[in-house]
Amino acid sequence: MTVAIFRGGTDQCDLVMNLSAADRCAFVKTTPDCSVVDGFIDYIRLVFCLLPPSLSPLTVTLCMIWLLFLFVVLGLTASKFFCPNLSAISTTLRLTHNVAGVTFLAFGNGAPDVFSAMAAFSHPHTAGLAVGALFGAGVFVTTVVAGSVALVKPFSVASRPFLRDVIFYMVAVFWTFIILYRGTIQLGETLGYLGLYVVYVVTVIISTYIYNRQKHSPTTLQNGTSTVPDTLLSDSDDEVLSAASGSVDPEYEDEYRPLLPYSESTSHILLSSLNPVDLRKWRRRTWRWRLFKVLRAPLEVLLLLCIPVVDPDKEDRNWRRPLNCLHLITAPLACVLAFQSGAYATYMIQGEFPLWLLTFLLGLLLSAIMFCATKNDRPPSCHSLLALLGFLVSAVLISTAASEVVSLLHMLGVVLSLSNTVLGLTVLAWGNSIGDCFADITIARQGYPRMAISACFGGIIFNMLFGVGLGCLVRIFETQTAVMLEPQGLLTWVMAGSLGLSLVLSFVIIPLCRFHLSRAYGMFLLFFYAVFLTVVLLTEFGTIHLA
């Protein structure tokens with residue numbers, strides 16, 4: 001028995017735009033496809049029932065602004081809270097840089113993409129968003145991001161890591177193509193996605209071990225240089241991890257430390273901990289950065305109040321006694337109120353006692369115990385557990401924001417008469433990838449193009465395998481049935497074929513160019529994406545169609 005998760009053209013809610021403005025609200029209320037809500041807001045009813053039709057253009061504009069804000073929430077939560085806590089957990093577990101880079105770091109960087117895919121796969125009507133986003137992000141990263149890096153700073157890629165990543169990604173894309181062609185994904189095939197990523201991690205570990213042995217072999221040490229070319233041996237996973245942890249631009253220099261020790265008051269520690277602006281960065285940044293920082297400061301303060309962050313690189317591991325004690329109250333409350341888009345916010349234990357109040361009282365008790373048993377200037381031995389708490393809270397908030405994004409994009413698809421697949425490969429893919437694009441270009445400008453190109457290919461492997469794997473796995477466990485995937489016509493095959501073609505071209509052309517990425521090849525990649533986007537839009541609007 002199977003359950004359809006991909007249903008090209010069978011979402012009855014799309015028919016609402018064929019009705020008159022007076023009949024749309026009644027249609028929305030009586031059509032089951034329009035009642036699927038994973039977010040806090042029922043956007044479809046908001047547009048067609050709560051607001052007059054004359055305000056539809058304003059409503060869509062405000063929704064686009066709200067969508068931009070949600071992308072900021074996703075990026076800020078992942079970069080400032082999710083990734084640092086994962087780094088602290090990996091440090092506590094004493095994982096090597098390579099293992100942490102392809103596991104915890106990849107999960108941290110790909111959290112918005114993976115949670116968005118899982119949220120989209122949770123309902124048949126939005127599954128096209130997931131596939132569109134995963135394929136669209138793959139094409140965007142392998143063409144626009146990689147091409148921009150080559151334009152900014154032509155360089156020679158590290159051949160072994162490059163070939164390894166491209167081969168694994170081609171296998172993942174080909175596997176997805178076969179599953180879409182067959183139309184069914186069983187539990188074993190879903191676990192195969194996750195298993196393939198385990199194989200990828202093991203391959204990285206083994207290749208790094210071989211590289212280190214060759215690097216420190218007696219022949220290498222005797223000659224003073226490696227007998228194997230640098231492009232064949234150098235692995236950039238360590239570079240990517242160091243870039244993500246902030247070692248390229250250190251924030252904490254010795255000259256800023258006070259000469260004499262001093263003790264801050266508890267209130268001063270709390271206020272300084274909630275200040276999202278670093279004065280040293282503020283002085284040397286541009287006015288655009290300052291404006292964006294001011295706009296997102298309220299959101300950052302709110303997240304600082306709810307999510308603890310443990311930083312193993314700091315001497316005090318980012319221990320802030322008053323704020324961390326407050327986290328024991330706010331963090332569990334945030335989880336209860338945000339988990340599954342507020343499903344447990346009004347839950348009553350045995351119909352009498354609210355769950356949120358019990359969570360608040362337990363947090364208040366733990367907070368009082370920690371406050372009385374600790375000091376401001378010395379972190380307790382259990383401080384590392386706050387990294388786990390911060391990881392859980394940030395994961396819940398990212399998942400909630402991703403569900404809101406998917407629900408909002410579904411509404412925009414209905415209003416604008418666009419398929420979920422197109423919205424996934426454009427808006428959702430761009431929103432989740434644009435931050436990585438600017439980060440990789442900045443890293444390339446700073447003189448680390450290998451690091452940037454490694455981040456391009458390493459992250460999308462994780463997103464593809466875990467996005468499809470976890471999304472379908474959760475769906476299978478919810479329905480206790482296999483998942484049937486019905487591609488959305490020609491558009492799905494255009495996306496899959498374009499991604500496969502871009503990978504094959506890179507796999508063939510770059511070795512022929514002796515692994516040197518020139519500006520000409522960067523221009524070619526950008527042109528490839530422009531052609532891909534043109535073909536996708538022409539296919540969506542019916543100009544290109546099957547005979």
Side-chain angles (χ1 to χ4, degrees), residues 5-9 113 117 120-121 127-147 162-163 165-185 189 192-193 196 418-430 432-433 456-457 459-461 463-465 467-469 471-472 484-512 521 523-547:
I5 198 171
F6 234 154
R7 303 193 301 183
D113 305 83
F121 270 121
L129 284 170
V131 175
L134 292 173
F135 279 104
V139 179
F140 181 82
V141 169
T142 56
T143 56
V144 175
V145 179
F162 172 79
L163 292 176
D165 292 344
V166 171
I167 289 173
F168 270 95
Y169 194 42
M170 283 195 297
V171 172
V173 172
F174 181 72
W175 193 345
T176 305
F177 185 88
I178 293 297
I179 288 177
L180 287 175
Y181 180 77
R182 290 175 50 196
T184 304
I185 178 168
E189 295 168 331
Y193 273 95
L196 181 59
L418 292 174
S419 67
N420 286 329
T421 304
V422 168
L423 288 173
L425 72 90
T426 53
V427 179
L428 188 56
W430 293 341
N432 288 337
S433 303
C456 289
F457 286 92
I460 53 179
I461 297 175
N463 297 343
M464 173 69 75
L465 295 177
V468 178
C472 291
M484 184 169 61
L485 306 174
E486 297 180 11
Q488 194 164 359
L490 180 61
L491 189 58
T492 301
W493 306 121
V494 170
M495 289 190 306
S498 298
L499 179 56
L501 179 61
S502 69
L503 291 173
V504 170
L505 290 176
S506 296
F507 184 74
V508 173
I509 294 177
I510 292 180
L512 290 178
Y521 187 69
M523 291 294 296
F524 168 75
L525 291 178
L526 295 178
F527 175 75
F528 182 94
Y529 187 77
V531 173
F532 159 74
L533 204 57
T534 302
V535 172
V536 164
L537 293 177
L538 292 176
T539 304
E540 169 69 9
F541 294 113
T543 304
I544 298 178
H545 54 83
L546 294 174

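Model, not experiment: these values are computed from the prediction.
Taking CD1 of Ile461 as the start and CD1 of Ile167 as the end, the distance is 10.5 Å to the nearest 0.5 Å. Note: Thr142 OG1 to Leu525 CG = 7.5 Å, rounded to the nearest 0.5 Å. From Thr143, atom OG1 reaches atom CG of Leu499 across 9.0 Å, with rounding to the nearest 0.5 Å.
The side-chain heavy atoms of Ile179 and Tyr193, taken from C-beta on, include a pair separated by under 4.5 Å. In this structure, the side chains of Trp175 and Leu465 stay at 4.5 Å or more apart for every pair of heavy atoms. Using a 4.5 Å cut-off on side-chain heavy atoms (C-beta onward), Ser498 and Val531 make no contact. In this structure, the side chains of Val139 and Met495 stay at 4.5 Å or more apart for every pair of heavy atoms. Proximity of Thr426 to Glu540: side-chain heavy atoms (C-beta onward) are nowhere separated by under 4.5 Å.
Residues Ala496 and Val173 come closest through the heavy atom pair O-CG1, 4.4 Å. Of all non-hydrogen atoms in Pro511 and Ser506, the two that sit nearest each other are CD-O, 3.6 Å. In plain terms, the two heavy atoms of Trp430 and Leu533 that are nearest each other are CZ2-CD2, 3.9 Å. Nearest heavy atom pair, residue Leu134 against residue Asn463, reads CD2-O, 3.4 Å.
With ring centers used as reference points, Tyr529 lies under 6.0 Å from Phe532.
The aromatic rings of Trp493 and Phe177 sit perpendicular, their planes meeting at an angle over 60°, well past the 30° parallel limit. Taking the six-membered ring where tryptophan is involved, the planes of Phe524 and Phe528 are tilted, since the angle between them lies from 30° to 60°.
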